[in-house]
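Beneath this line is the structure, given in structure tokens, with notes to follow.
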Number of protein chains: 2
Amino acid sequence: MPQAAATAADEIVTPRQGEVLDAVLALLLEGRDGLTMTAVARRASCSKETLYKWFGDRDGLLTATVRWQASKVRAGNWDRQRLDADALAESLEAFAANWLTVISSKTSVALNRVAVAHAASGRSDLGRIVLENGRFAIGERLKPLLEAAREAGLIGFDDTETAFRTFFGLVGRDVQVRLLLGDAMVPSKAEIAADAARATRQFLTLFGAGRSAPRTRSN
Amino acid sequence: MPQAAATAADEIVTPRQGEVLDAVLALLLEGRDGLTMTAVARRASCSKETLYKWFGDRDGLLTATVRWQASKVRAGNWDRQRLDADALAESLEAFAANWLTVISSKTSVALNRVAVAHAASGRSDLGRIVLENGRFAIGERLKPLLEAAREAGLIGFDDTETAFRTFFGLVGRDVQVRLLLGDAMVPSKAEIAADAARATRQFLTLFGAGRSAPRTRSN
DNA sequence: CGATTGGTGTACCGTACGGTACGGTTCGGC
DNA sequence: GCCGAACCGTACCGTACGGTACACCAATCG
């Protein structure tokens with residue numbers, strides 16, 4: 001057994017380990033790729049030996065960090081009761097705004113960059129883990145809403161996944177790629193709200209049943 | 001003058017230099033981050049000293065490679081004459097299909113990954129260059145079409161940029177991020193064609209003037 | 001033919017970083 | 001008060017890689 005450390009899914013993170021992972025996050029969004037094991041150890045006031053004991057190796061530490069961050073941002077479920085057109089639009093907007101806020105956060109950008117770099121070098125599942133806790137997680141959380149709305153006759157579509165992906169595209173557009181590539185286009189709270197509203201309007205225009213939302217023009 | 005090599009925008013690439021840059025590309029989409037200066041030199045059958053003489057340093061080589069690749073894929077301008085609804089849809093579909101083909105190519109993915117990793121470590125403009133030759137370049141090439149279509153009364157919008165970004169979102173959706181993160185979801189030619197058609201339909205539904213395209217359902 | 005230029009191949013240097021070893025300290029249990 | 005476990009700090013090792021120096025070769029030009 002080389003290292004059966006914190007790479008499994010069932011591990012529990014002790015408070016002290018949480019501190020270490022927070023140090024990784026801090027170091028990470030400090031940018032400048034100063035993310036060396038030595039730097040982490042110093043920042044977290046722990047020894048490298050402990051790092052290796054707890055997390056196995058550098059990849060293990062990164063993986064644990066991604067999971068740690070993911071465990072902190074579970075958010076954005078919807079109400080469940082009384083789903084009318086207004087409640088649907090509201091929920092969609094909330095989802096969109098939440099998603100935009102997450103992907104434009106420095107933490108998300110930094111973590112995604114690490115995962116992308118990791119995916120480039122082939123080994124390990126960091127990319128998959130980020131995907132599962134990001135893109136796919138929000139998909140799974142949004143789909144019930146979409147399907148409930150379809151049950152309620154508010155929107156129409158054949159394939160939930162396809163509908164979701166359209167919504168995803170309308171919300172995110174070019175934001176994530178631009179941020180990953182270093183474009184400093186972090187949207188303000190107001191812009192996020194406006195974009196969430198626009199994306200929702202457009203989505204309802206495309207998929208709305210019955211009285212279609214007023215044809216949206218431009219933004 | 002430390003190195004006035006191939007980092008400027010006005011440099012011309014000699015055939016031999018092109019061979020070297022092709023070697024970089026080959027090595028790049030071979031993945032496994034084997035992209036070391038020594039590997040490039042060996043692959044291109046040239047000396048490291050020549051590499052440094054021509055491209056300054058590793059970043060210069062990468063930058064030149066990105067530009068080199070960009071210079072090879074300029075594509076997808078539109079017809080210009082007789083713009084009716086059908087021609088517009090056709091042009092939009094062509095743009096979309098071309099764009100999807102590009103971003104799902106192994107080369108694009110590899111190059112974008114390098115640029116993202118680069119953007120993470122702060123220094124240098126690799127990310128900006130990729131952005132300019134990708135996302136922004138296609139924007140500038142599509143906008144004239146959108147505006148001509150507006151002149152012709154075929155579609156309506158206030159802000160060209162916003163309209164383009166919506167189209168961009170409808171076309172790309174989650175594809176690029178998923179590919180960057182290692183998701184093996186490379187679309188087939190048929191899927192690309194279908195997605196381009198869908199995105200175009202949806203875009204025209206949202207922005208089309210006059211006889212709106214038939215309300216699209218699902219894909 | 002000799003000299004200059006521009007390139008190849010290889011050996012080399014410095015350093016940064018992942019990973020390990022180890023001495024010293026704190027702390028809980030007996 | 002002693003023992004062992006856990007952990008900190010630091011020194012250390014090996015290696016990979018960016019960058020440089022140098023010996024050698026081929027071609028071009030006078």
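In what follows, every chain begins at residue 1, and chains take the letters A, B, ... in the order their sequences are listed. Bear in mind the structure is a predicted one, so any value in this text is a computation, not a measurement.
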How many Å lie between [atom1] on [X] and [atom2] on [N], as a whole number?
X      : N      : atom1 : atom2 : value
A:F55  : D:dC7  : CZ    : P     : 11 Å
A:L35  : C:dG19 : CG    : C1'   : 15 Å
A:H118 : C:dG18 : NE2   : P     : 12 Å
B:M37  : C:dG9  : CE    : P     : 15 Å
A:R16  : D:dA6  : CZ    : P     : 15 Å
A:L51  : C:dG18 : CG    : P     : 10 Å
A:Q17  : D:dA6  : CD    : C1'   : 12 Å
A:L62  : C:dG19 : CG    : P     : 11 Å

For A:D22 and A:K72, run salt bridge (Lys or Arg N to Asp or Glu O under 4.0 Å): C-alpha distance rounded to whole Å, both residues' side-chain angles, the deciding distance at 0.1 Å, then the answer.
CA-CA 11 Å; A:D22 282 332; A:K72 293 204 292 188; 3.0 Å; yes
Consider the side chain of A:K53, meaning its heavy atoms from C-beta on, and name the nucleotide among D:dA6, D:dC8, C:dT8 that approaches it most closely.
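Side chain of A:K53 sits closest to D:dA6.
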Minimum-distance nucleotide to B:R58 side chain [options: D:dC8, D:dG19, C:dG19]:
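Closest nucleotide to the B:R58 side chain: D:dG19.
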Quick one: is the NZ or CZ of A:R135 closer than 6.0 Å to the six-membered ring centre of A:F168, and within 45° of its axis?
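Cation-pi check for A:R135 and A:F168: passes.
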In residues 41-48 of chain A, what residues come within less than 4.0 Å of DNA chain D, judged by heavy atoms?
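Close to the strand are A:S45, A:C46, A:S47.
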Ignoring hydrogens, what is the shortest heavy-atom contact between A:I103 and A:L179? Give both atom names and the distance.
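Looking at all heavy atoms of both residues, the shortest contact is O-CD1, 3.6 Å.
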Side chains of A:T200 and A:E93, donor plus acceptor under 3.5 Å
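No donor-acceptor contact under 3.5 Å links the two side chains.
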Tell me, do [X] and [Y] make a side-chain contact under 4.5 Å, heavy atoms counted?
X      : Y      : result
A:F95  : A:R141 : yes
A:L206 : B:L206 : yes
B:D174 : B:D183 : no

Identify whether any heavy atom of A:T36 sits under 4.0 Å from a base atom; if not, whether one sits that close to sugar-phosphate; answer base, sugar-phosphate or nothing.
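Sugar-phosphate only.
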Looking only at side-chain N and O atoms, does A:W54 come under 4.0 Å of OP1 or OP2 in D:dC7?
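For D:dC7, OP1 or OP2 has a side-chain N or O of A:W54 closer than 4.0 Å.
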